[in-house]
There are 2 protein chains.
Amino acid sequence: MVERVIPEGSRRRRRPTKQGAVLSERLIVETALRLIEEHGAEALSVRRLGAALGADPTALYRYFRNTDALLLALADELIGRAQDGWTATGDWRADLRSMGLRIHARYLAHPQAALLAAHRTTGRPHETRAVERILGVLRTAGFQDALAVRIYHAFVDQALAFAAQDAAALALPPAAREGDAEVWHAVYAKLPPDTHPHIAATFPLLAADMRDSGYPFALELLLVAAATLHPDGTQTPPTPAPTRSPGPVQPVPGP
Amino acid sequence: MVERVIPEGSRRRRRPTKQGAVLSERLIVETALRLIEEHGAEALSVRRLGAALGADPTALYRYFRNTDALLLALADELIGRAQDGWTATGDWRADLRSMGLRIHARYLAHPQAALLAAHRTTGRPHETRAVERILGVLRTAGFQDALAVRIYHAFVDQALAFAAQDAAALALPPAAREGDAEVWHAVYAKLPPDTHPHIAATFPLLAADMRDSGYPFALELLLVAAATLHPDGTQTPPTPAPTRSPGPVQPVPGP
DNA sequence: CGCAACACGTCAATGGTGTTGACGTACGGT
DNA sequence: ACCGTACGTCAACACCATTGACGTGTTGCG
């Protein structure tokens with residue numbers, strides 16, 4: 001087939017659609033995000049997106065090679081929004097912490113899209129900017145390249161993995177979400193001490209802790225471990241705050 | 001519509017299919033898992049499953065309400081298999097490490113099912129057994145309840161989140177999977193040092209590291225951090241192995 | 001300033017998907 | 001032996017992403 005997608009830079013003409021809109025890559029991405037936000041991830045189909053744009057569904061293929069390319073564009077948009085306004089302070093632990101929490105929070109703001117986007121590698125500008133920044137924080141902090149790369153990898157995958165995980169919980173149909181949450185009181189609260197002594201002994205703590213996302217604490221653990229690997233060997237970080245994580249309550253996935 | 005699924009207990013008659021097989025819930029689950037394992041994640045469709053069973057595709061609906069019910073049955077099977085044969089050694093770090101790697105590996109063997117399973121709380125016996133075991137490892141090791149619960153939470157969510165993340169990469173259609181992998185050489189290898197100095201400086205390391213899952217190293221970091229929080233304060237763990245993780249190469253999600 | 005090239009929105013068609021209702025056969029309980 | 005029905009099969013539906021062909025209106029250029 002002949003490639004029908006014209007690169008964004010070299011477009012020349014625009015014709016309005018049936019309903020008068022002039023299409024663009026940007027308009028399509030924003031409409032798709034809105035569609036997902038308002039009507040759920042399953043609402044994103046070529047046909048429905050066309051309808052939302054007031055255009056023929058196949059007009060999409062003038063701007064994106066296929067739906068996967070559109071999805072990558074959505075993913076990159078999320079990454080970009082997560083970084084807007086972020087600046088490095090020079091304290092590598094504070095910088096990684098704020099970056100991780102921003103990514104996590106921004107993805108959770110669009111759970112349905114996050115679910116589709118969090119496990120892709122786009123290679124698009126917003127993504128490369130994020131990679132560059134995180135690597136920069138680590139190398140500037142004095143980590144040797146090989147170690148910086150490994151920590152970068154663990155850090156990024158953990159942020160995205162938790163984002164997808166928590167987004168999945170938020171994106172569940174309400175019935176399933178409440179069902180999963182109720183399991184803690186319907187099942188775990190009633191497990192007898194003779195068969196499940198550890199669960200029985202810690203149940204109140206357990207039920208309370210599982211209400212929120214495990215990410216903030218997991219992130220602190222990663223930062224603590226990274227500090228022990230830092231070249232300035234003896235530097236000991238402050239013990240990660242044993243307080244509850246702030247912010248809105250997040251339903252939690254998994255047991 | 002009339003419910004056409006007969007509960008497993010009260011089935012009465014069986015007739016062989018075209019190719020002589022006698023269907024059952026168990027046979028269907030095992031065939032589906034085999035299908036995913038042998039022919040890739042995308043091979044699981046109702047029509048192909050029917051063909052693999054030697055039956056009409058719609059015979060499925062005599063045993064499962066819909067494909068989602070089938071996938072949940074697959075998921076339940078996975079939880080059990082991940083723990084089969086696991087035993088505690090008394091070394092809490094080794095025990096958590098083996099448990100985490102087992103969960104991760106078992107889920108990755110069936111990416112499609114893992115994707116649906118990893119973010120649900122089932123409260124079923126296999127799940128409660130896993131919770132009890134992990135909590136047991138931590139409390140037996142001497143962690144106070146509140147801390148044990150928090151570490152448990154981070155550990156479990158990390159294992160499931162990475163499992164889902166890596167499973168998602170494996171479950172992608174082959175074209176998208178190869179595309180994501182290729183981005184590293186098509187885009188990141190070519191970023192100029194003046195705009196992306198840190199990526200340019202570390203590229204070979206970066207490309208090599210991103211080929212595998214970030215989970216094994218992220219898990220080591222979690223264990224290191226947990227050790228620093230252990231009541232026997234001064235106990236210092238061996239530095240996490242800076243060697244590459246063993247095992248099969250896993251395509252990697254996210255940047 | 002006018003015109004021709006072609007970008008791009010549209011239409012029609014293809015082959016995939018999950019799912020449902022109707023049907024008949026052969027098997028079980030009586 | 002014979003009924004009732006479980007269950008395997010068939011045909012059809014609605015939806016999906018994607019492609020090739022087509023004509024029109026915009027725009028760059030002479």
Side-chain angles (χ1 to χ4, degrees), chain A residues 1-28 31-32 35-36 39-72 116, chain B residues 1-28 31-32 35 39-72 112 116 171-176:
Chain A
M1 84 171 196
V2 176
E3 179 59 80
R4 73 200 304 166
V5 174
I6 305 295
E8 187 67 359
S10 53
R11 292 182 169 275
R12 295 227 313 271
R13 295 189 268 259
R14 297 299 158 81
R15 295 165 59 193
T17 67
K18 278 179 185 170
Q19 304 185 12
V22 173
L23 296 182
S24 69
E25 202 170 297
R26 173 153 198 80
L27 176 64
I28 293 173
T31 303
L35 204 57
I36 291 175
H39 301 100
E42 74 286 357
L44 186 61
S45 76
V46 173
R47 283 168 172 74
R48 272 191 277 254
L49 183 51
L53 288 164
D56 188 276
T58 62
L60 229 185
Y61 295 98
R62 295 284 169 197
Y63 295 84
F64 299 96
R65 155 184 278 286
N66 51 33
T67 52
D68 195 66
L70 168 62
L71 188 62
L72 290 181
L116 300 174
Chain B
M1 83 167 197
V2 176
E3 180 58 80
R4 76 199 301 167
V5 174
I6 304 294
E8 186 67 359
S10 52
R11 291 182 169 275
R12 294 229 311 273
R13 293 191 271 261
R14 298 300 158 81
R15 293 165 60 190
T17 67
K18 275 181 186 170
Q19 303 184 13
V22 174
L23 296 181
S24 69
E25 203 170 294
R26 173 153 198 79
L27 175 66
I28 293 173
T31 302
L35 204 57
H39 300 97
E42 76 286 357
L44 187 61
S45 76
V46 173
R47 283 168 172 75
R48 272 192 278 254
L49 182 51
L53 288 165
D56 188 277
T58 61
L60 228 186
Y61 295 96
R62 296 281 170 200
Y63 295 85
F64 299 96
R65 262 180 69 70
N66 51 34
T67 52
D68 196 65
L70 167 62
L71 281 160
L72 286 180
Q112 295 277 25
L116 274 184
L172 284 178

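Computed from a predicted model, the values in this text were never measured in an experiment.
To the nearest 0.5 Å, the span separating OG1 on A:T31 from CD1 on A:I36 amounts to 11.0 Å. A distance of 5.5 Å separates CD1 in A:I28 from CZ in A:F64, rounded to the nearest 0.5 Å.
A donor N or O paired with an acceptor N or O is not found under 3.5 Å between the base of C:dC27 and the side-chain atoms of B:R15.
Between B:I6 atom CD1 and D:dT5 atom P there is a gap of 11 Å when expressed in whole angstrom units. Nucleotide C:dT19 holds its P atom 5 Å from the CG atom of B:N66, rounded to whole Å. Distance, A:I28 CD1 to C:dG9 C1': 11 Å, rounded to whole Å. Atom CG in B:L60 sits roughly 12 Å away from atom P in D:dT9 (whole-Å rounding). Computed from coordinates, the B:L53 CG to D:dC7 P distance equals 15 Å when rounded to whole Å. Atom-to-atom, OH of A:Y61 to C1' of C:dT14 comes out at 13 Å; the value is rounded to the nearest Å.
Scanning for salt bridge (charged side-chain N to carboxylate O under 4.0 Å, His left out) contacts around A:D68 gives A:R120, with sequence neighbours left out. Considering only residues two or more places apart in sequence or on other chains, A:T58 meets the side-chain hydrogen bond (donor to acceptor under 3.5 Å, both in side chains) condition with A:D56.
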Name every donor-acceptor pair, under 3.5 Å, that has one atom in a side chain of residues 42-49 of chain B and the other anywhere in the protein, sequence neighbours excluded.
from  : atom 1 : to    : atom 2 : distance (Å)
B:S45 : OG     : B:R48 : N      : 3.2
B:R48 : NE     : B:A43 : O      : 3.0
B:R48 : NH2    : B:E42 : O      : 3.1

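Of all nucleotides listed (D:dG8, C:dG18, C:dG9), C:dG9 comes nearest to the side chain of A:R62. Out of C:dG9, C:dT20, D:dT18, the shortest distance to the side chain of A:T67 is found at D:dT18.
When each of B:P16 and B:D68 is assigned the nucleotide of DNA chain C bearing its nearest heavy atom, the one mapping closer to the 5' terminus is B:D68.
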Base-contact (B) and sugar-phosphate-only (S) positions in nucleotides 10-16 of chain D, heavy-atom cut-off under 4.0 Å, - elsewhere: BB----B
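B:T17 pairs with exactly one of B:L23, B:V22, B:L53 by the side chain to side chain contact (heavy atoms under 4.5 Å, CB included) rule, that one being B:L23.
Residue A:A55 is classed as a sugar-phosphate contact, given heavy-atom separations below 4.0 Å to backbone atoms only.
Phosphate proximity of C:dG9 to A:Y63: present, with a side-chain N or O under 4.0 Å from OP1 or OP2.
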